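Right, one structure below, let's go through it.
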Amino acid sequence: MKIFAETKKRFKLSMIIVILVASVISPAISNAYEYYGWWNDPYKMIPGISSGTYIVDTIDNYNYNGKVFMFQTAWNSAMDEWNNRTEANIQNSINVSGPERIRMRGENYGNVGLQGWVTVYKNNVVVGDGDATPLPVTSGWDYAIATLNAHSLRDYTYPQYRAVGIHELGHALGLNHETDGTPSIMNDKLYPPNSYLVPQQDDINGINNLY
Amino acid sequence: MKNIVSTLFIVALIITSLSACGNEKQSQAQQKKERNVYYGNFMLDTHYKSLEELAYDADLVAEIEVNANNHNISYIDPTFKTIEVKINNVLKGDSKIKSQAIRILEIASTVSENANKKNIVFLDKYEGPLADDVYVIVGVYQGMFKLDEANQVVYDADKYEGVKHFQASVEGLDKQSFEHRVQEAIKNASPPQPNIPQLSEAEKKLAEEEGHKMYLEDKKRLEEMKKKSVEEKQK
């Protein structure tokens, strides 16, 4: 009886300690959002995202095979979504001065099989190893080019390709694809049931936790 | 003293198993660091769920060989390049191109960084501004099946953060069996599921109108931000 009581007391003490320690460890290893690189030292935009500028290198009224895209407004609003919901504060270079951190493009690239993609750079060199292009993200970066492909988005409405733009900017800011079903604009497929049009709470947490 | 030691032992055991998850992620990250291929930054057009869907979208299905000594690679920009490959056998398409060379417009070094020289690929003729007279792999990398030294099928895109839907079911097949499966898929080719819901004309019109409303709201808000910025600069 005495042994049982002591074992029970020991077990309770152990669980209290474990819960205290787990509450420190678990946020680092069990979050839905995904980063690049090591989980405890992820790769990201090296200068940070609380300053800097972006350039929209495309236009509104971009015509591809009769479909008119408002790429310029879509990209501007996409960056606005991240600026308004997270610690990000990268502004249009038309409005403020500062080092260019992101360039956004939108045009027809043909049937390459991609709706959008991001390439990241450090000191004007594409990040990664070897001759592969694009390269694995193997370090932080100070510049990113985000691209939308008109061919692949030809059946998408403005909110839908704007959402793809938000997704690509998520990559530029440091978020990897989300694949465990958590509501996230970083899902690798942004169509039903994952038809998110704005950053979700997990995406916001991911960015704010990274910087 | 004995009680404290056994308590600490239990705690250490539990903490060790929790941190093992983090260590596994670390070792995975280390493996990723050693690779030269990476599919993680892409928003794919289509997620193919069967060989039949790949066959439907392919103009050409062939066994190709990459010449390891002379890739004959032409770089277009950091994302795209073309690479020359030799056609060993044609499963779908013009059989006259057997033994000839074709060029593939490559994204993410799908072909050129592939250590396996021989592959069975589902190819589509490229239509776009980047290059002329080239093919693209259907699904960027989804339509590429490597053949290892034992002539068995390898599909490992998931190791490079690519998708893997049905491809596990053909992994390990010998070349002959896989080619038989491909021939059946070609006969029974079916279109891939569309990404977005198929709407009626009325629904499409409504969606476009709603989309246009959002565009006008965004445009108005951005113009107000620009005006405010100009006013602040003038102060």
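Chain naming here is simple, since letters A, B, ... match the order of the sequence lines and numbering starts at 1 in each. These numbers come from a predicted model, not from an experiment.
Of residues 200-214 of chain B, those residues with a non-hydrogen atom less than 4.5 Å from any non-hydrogen atom of chain A are, in numerical order, B:Ala207, B:Glu208, B:Gly211, B:Met214. By a heavy-atom distance cut of under 4.5 Å, B:Val136, B:Val140 are the residues of residues 136-143 of chain B near chain A, going up by number.
The side-chain tip of B:Lys125 points at the ring of B:Tyr135 from less than 6.0 angstrom away and within 45° of straight on. Cation-pi geometry between A:Lys67 and A:Phe69 is met: the NZ or CZ atom falls under 6.0 Å from the ring centre, inside 45° of the normal.
At a 4.5 Å heavy-atom cutoff, B:Val230 makes no contact with chain A through either its backbone or its side chain. Proximity to chain B (any heavy atom under 4.5 Å) is restricted, for A:Asp80, to the side chain, taken from C-beta onward. Neither the backbone nor the side chain of A:Gln72 comes within contact range of chain B; no heavy atoms are under 4.5 Å apart. Heavy-atom distances place the side chain of A:Gln160, and not its backbone, under 4.5 Å from chain B. Of the two parts of A:Val164, only the side chain, counted from C-beta on, holds a non-hydrogen atom closer than 4.5 Å to a non-hydrogen atom of chain B. For a residue to count as touching a neighbouring chain, one of its non-hydrogen atoms must lie under 4.5 Å from one of that chain's; by this rule A:Asp41 does not touch chain B. Of the atoms belonging to A:Ile94, heavy atoms from both backbone and side chain fall under 4.5 Å from chain B.
In this structure the side chain of A:Glu81 reaches within 4.5 angstrom of the side chain of A:Arg162, judged on heavy atoms. Using a 4.5 Å heavy-atom threshold, the side chains of B:Asp57 and B:Asp124 count as separate.
Proximity of a side-chain donor or acceptor of A:Asn123 to a complementary backbone N or O of A:Val125 within less than 3.5 Å is not detected. B:Thr46 places no side-chain N or O within 3.5 Å of a backbone atom of B:Tyr48 that could act as its donor or acceptor partner.
For the options A:Gly113, A:Ala74, A:Gly110, heavy-atom pairs under 4.5 Å to chain B are most numerous at A:Gly113.
Aromatic rings of A:Tyr36 and A:Tyr43 (six-membered ring for Trp) have centroids beyond the 6.0 Å cut-off, not under it.
Ionic pairing of B:Glu171 and B:Lys146 is not present here: no N-O contact between side-chain nitrogen and carboxylate oxygen is shorter than 4.0 angstrom. A salt bridge links A:Arg103 with A:Asp57: the closest approach of a Lys/Arg side-chain nitrogen to an acidic carboxylate oxygen falls below 4.0 angstrom.
Summarising the geometry of A:Ser51 relative to A:Ile90, their closest heavy-atom pair is O-CG1, 3.8 Å, with the distance given to 0.1 Å.
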